[in-house]
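Each remark here refers to the structure printed beneath this line.
Just so it is clear: chains get the letters A, B, ... in the order the sequence lines come, proteins before strands, and each one is counted from 1.
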Number of protein chains: 2
Amino acid sequence: MAEPNGAAPGGGRAARDAEAVSKFVESFAAQLVEAGMQRMPARVFAALLSSDSGTMTSVELGEQLRISPAAVSGAVRYLAQQHLVSREREPGSRRERYRVHSDQWYEALTNREAVIKHWQYALREGVDSLGEGTPAGRRLAETLAFFEFVDGEVALMMDRWRVHRERHFGAG
Amino acid sequence: MAEPNGAAPGGGRAARDAEAVSKFVESFAAQLVEAGMQRMPARVFAALLSSDSGTMTSVELGEQLRISPAAVSGAVRYLAQQHLVSREREPGSRRERYRVHSDQWYEALTNREAVIKHWQYALREGVDSLGEGTPAGRRLAETLAFFEFVDGEVALMMDRWRVHRERHFGAG
DNA sequence: CGCTGATTTCACAAACTTGTGAAGTTAAGG
DNA sequence: CCTTAACTTCACAAGTTTGTGAAATCAGCG
């Protein structure tokens with residue numbers, strides 16, 4: 001049988017408690033679902049996050065999560081599109097490995113670039129069609145200003161985070 | 001007929017272009033849906049946002065959005081729970097008004113207090129059950145540190161926003 | 001180049017969500 | 001207290017989403 005998570009029992013380190021891992025995976029996935037991610041991508045992502053190597057194959061994911069290859073395929077496609085995981089072909093094998101980059105995933109969380117732009121566009125439309133001078137128009141203009149403010153602030157915050165991270169966790 | 005949005009035609013100001021308002025309401029609601037809000041709450045909220053007085057009655061909402069009283073009821077209950085709207089009883093009437101506080105709603109967006117706490121709890125559980133010393137445990141610890149960092153930064157950012165807002169929009 | 005194992009695509013059944021009509025509850029005003 | 005308008009609750013039908021099995025496609029390797 002394949003050894004999930006790159007930690008082979010008897011391989012020099014105590015075997016991971018499969019049940020504890022699974023418990024974490026499911027509860028973390030539940031958080032992701034609550035935050036709007038679909039169930040399968042959430043579970044796959046959580047499983048990858050909790051693997052020591054940060055990579056798992058399709059088969060390993062299917063076994064840990066008890067889902068079909070089709071479900072793994074769909075989840076991975078979604079995660080790759082969102083830049084939350086990358087795909088690697090193992091040289092000399094037709095097997096693929098999916099990898100989570102620990103430092104990229106939460107950056108993606110804050111990279112709402114496209115999303116923020118859509119909000120700003122919708123709000124600008126609103127200000128125009130309701131009229132700048134109307135109370136409703138002014139309310140929307142203020143909301144728009146808030147988004148513009150946040151947009152800039154988040155970029156600065158991430159710069160500070162990288163410094164903070166460097167200090168506490170060493171170079172990436 | 002009830003006059004939606006508190007702007008009575010012939011009441012001294014040009015009548016709002018009902019179709020333009022509706023177009024904005026639906027497109028803004030679509031953004032909210034994309035961001036994870038259910039359809040009805042999103043539409044009700046967008047309608048309130050685009051009303052001049054910032055308040056609408058159940059009947060007005062039902063007419064503008066073409067939905068049943070039951071749908072209005074459910075949507076409003078959800079929005080009130082999320083502190084996105086408040087309910088007011090008109091004195092001397094059995095009719096209720098629902099109000100959006102322009103400055104409260106985007107604050108609520110960033111007040112992920114409860115949500116952030118859940119994430120932090122889930123991640124701490126994960127660090128514990130996977131082991132602080134393992135690669136996976138370290139990955140989770142770093143993610144947890146990120147959330148803690150963001151938590152603090154967002155609070156500071158909102159302080160700066162209030163100053164910025166005061167300057168550009170005058171006192172609330 | 002065909003064999004074979006890995007991954008993807010596709011149609012569908014099951015499960016879940018959503019909004020409605022209708023009945024039920026509440027409270028203002030006679 | 002009875003009437004009646006306003007709001008809420010509830011069961012259900014319609015619509016949507018989700019994950020699966022099976023078939024199809026892809027890519028090493030002999």
* To do: Starting at atom CG of B/Leu61, determine the distance to atom P of D/dA6, rounded to an integer number of angstrom.
  => 14 Å
* Asked: Looking at A/Arg138 and A/Glu132, does any basic side-chain N land under 4.0 Å from a carboxylate oxygen?
  -> no
* To do: Ignoring backbone atoms, establish whether B/Arg77 has a side-chain N or O less than 4.0 Å from OP1 or OP2 of D/dT9.
  => yes
* Asked: Has A/Arg97 got a side-chain N or O lying under 4.0 Å from the OP1 or OP2 atom of C/dA6?
  -> no
* Presence of A/Ser73 side-chain N/O under 4.0 Å of C/dT7 phosphate oxygens OP1/OP2 -> no
* To do: Rounded off to whole Å, could you give me the CZ-to-P distance for the A/Arg95 and C/dT8 pair?
  => 14 Å
* To do: Mind jotting down which residue pairs meet the side chain to side chain donor-acceptor pair (under 3.5 Å) criterion with at least one end in residues 118-127 of chain B? Sequence neighbours excluded, please.
  => B/Arg124-B/Glu148
* Annotated protein contacts, base or backbone, on nucleotides 18-30 of chain C with a non-hydrogen cut-off under 4.0 Å, one of B, S, - each -> SSBB------BS-
* Measure from CE on A/Met56 to P on C/dT7 and round the result to the nearest Å. => 13 Å
* **Ionic contact status for B/Glu88 with B/Arg99, cut-off 4.0 Å** => yes
* **same_hphob_cluster(A/Leu144, B/Met157) at 4.5 Å side-chain heavy-atom cutoff** => yes
* Asked: Rounded to the Å, how far apart are A/Glu96 CD and C/dG5 P?
  -> 18 Å
* Does B/Phe146 have any ring-ring contact (aromatic ring centres under 6.0 Å, His included) partners at least two apart in sequence or in another chain, and if so, which? -> A/Tyr106, A/Trp161
* Closer than 4.0 Å, any side-chain N/O of B/Arg87 to the OP1 or OP2 of D/dT8? -> yes
* Charged N to carboxylate O under 4.0 angstrom, B/Asp151 versus B/Lys117? -> yes
* Nearest whole angstrom, please: distance from the C1' of D/dG19 to the OH of A/Tyr78. => 17 Å
